[in-house]
Protein chains: 2
Amino acid sequence: MLGPDSACCAPMVREPLGEEAAAELSRMFKALSDPVRLRLLSLIASHEGGEACVCDLIGPFEVSQPTISHHLKVLRETGLVGSERRGTWVYYWVLPAALEKLSALLRTPTVPAQAGA
Amino acid sequence: MLGPDSACCAPMVREPLGEEAAAELSRMFKALSDPVRLRLLSLIASHEGGEACVCDLIGPFEVSQPTISHHLKVLRETGLVGSERRGTWVYYWVLPAALEKLSALLRTPTVPAQAGA
DNA sequence: GAGCTGCATCGACGTCTGTCGATACAGCCG
DNA sequence: CGGCTGTATCGACAGACGTCGATGCAGCTC
């Protein structure tokens with residue numbers, strides 16, 4: 001889904017983002033812009049074995065199961081997680097390349113000493 | 001606006017995000033979830049001297065000046081950029097600590113060899 | 001002070017998004 | 001096969017979001 005030439009990886013503080021790259025990256029950030037999705041992602045990533053069954057992901061939240069399923073779909077379609085059905089259960093895992101891509105983009109080339117600012 | 005104990009900095013793949021941290025971080029990602037804002041941010045960051053006048057930020061886009069102003073407000077209120085009026089013009093600059101915070105959050109602890117996956 | 005330019009705010013509008021309950025589908029078990 | 005559990009999809013609805021034109025405010029210039 002994400003073409004190899006689609007965007008980025010250099011910090012965005014180096015040179016302005018093109019329209020296409022910005023459009024694609026903004027879609028990924030949008031996927032992270034919901035607190036439930038953010039927690040889902042960290043829950044999956046930090047889960048034992050690097051993957052989690054949906055059944056493990058419903059309990060921690062106060063939203064309905066369809067809502068969780070919807071959020072997982074968003075994360076999946078954005079390329080942030082992968083999923084696979086194994087018998088009764090469906091497992092999700094994080095795709096680290098996507099996270100790393102965003103992380104690199106936001107990385108500031110010179111670490112600022114402005115922590116106190 | 002961002003309390004020192006408010007969140008994060010450790011990769012989210014290490015341990016699940018708490019509700020509060022997720023809420024705050026999702027607000028920052030939401031600020032990055034719009035292509036115009038993303039381009040604004042990179043435009044500001046990559047501008048000569050590390051700061052840019054609003055007058056430099058209107059030309060590259062096809063949206064109206066009020067819309068640019070609105071997006072800059074979002075970036076400002078999220079703590080991603082700072083701003084200051086100098087005479088006639090208003091200058092914006094990136095606050096690297098905020099970017100670095102998000103970058104660290106998304107960083108994957110062990111670099112995955114799954115680039116080909 | 002009058003007029004001009006740069007930027008922010010306001011109010012309105014259409015669209016997108018998160019949420020739900022209801023329902024459909026997939027696989028296991030007895 | 002019938003029923004049960006786990007997950008996804010559907011349709012609907014309220015609220016949030018991006019955008020605009022109009023307007024307001026600040027500071028410069030003459």
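A, B, ... follow the sequence lines: proteins, then strands. Residue 1 opens every chain.
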ask   = Rounded to whole angstroms, how far apart are CZ on Arg85(B) and C1' on dA8(C)?
value = 9 Å
For atom NZ of Lys30(A) and atom P of dC16(C), their distance in whole Å = 10 Å
request  = Starting from the C-alpha separation in whole Å, work towards a yes-or-no answer on salt bridge (Lys or Arg N to Asp or Glu O under 4.0 Å) for Glu77(A) and Arg27(A).
outcome  = CA-CA 10 Å; Glu77(A) 291 182 340; Arg27(A) 258 178 263 127; over 6 Å; no
query = Within the structure, does a side-chain N or O atom of Thr88(B) lie under 4.0 Å from either OP1 or OP2 of dT5(C)?
reply = no
ask   = NA contact type, Arg86(B), heavy-atom cut-off 4.0 Å: base, sugar-phosphate, or nothing?
value = nothing
task = Calculate the interatomic distance between Gln65(A) atom CD and dA24(C) atom C1'; express it in whole Å.
result = 12 Å
query = Across the strands shown, which category fits His71(B) at heavy-atom distances under 4.0 angstrom: base, sugar-phosphate, nothing?
reply = sugar-phosphate
key: Contact interval (first through last nucleotide) of DNA chain D with protein chain B, 4.0 Å heavy-atom   = dC17(D) to dC28(D)
note = When rounded to whole Å, the CD1 to P distance for the pair Ile68(B) and dT9(C) reads 15 Å
task = Please state how far atom CG in Leu72(A) lies from atom C1' in dT19(C), giving the value in whole angstrom units.
result = 15 Å
request  = Would you kindly give the CD1-to-P distance between Ile58(A) and dT19(C), to the nearest whole Å?
outcome  = 14 Å
inquiry  = Tell me the interatomic distance from Arg37(A), atom CZ, to dT17(C), atom C1', rounded to whole angstroms.
reply    = 8 Å
remark   = Taken to the nearest whole Å, NZ/Lys73(A) to C1'/dT17(C) is 14 Å
inquiry  = Categorize Tyr92(B) for me: base, sugar-phosphate, or nothing, with a 4.0 angstrom heavy-atom threshold over every strand shown.
reply    = sugar-phosphate
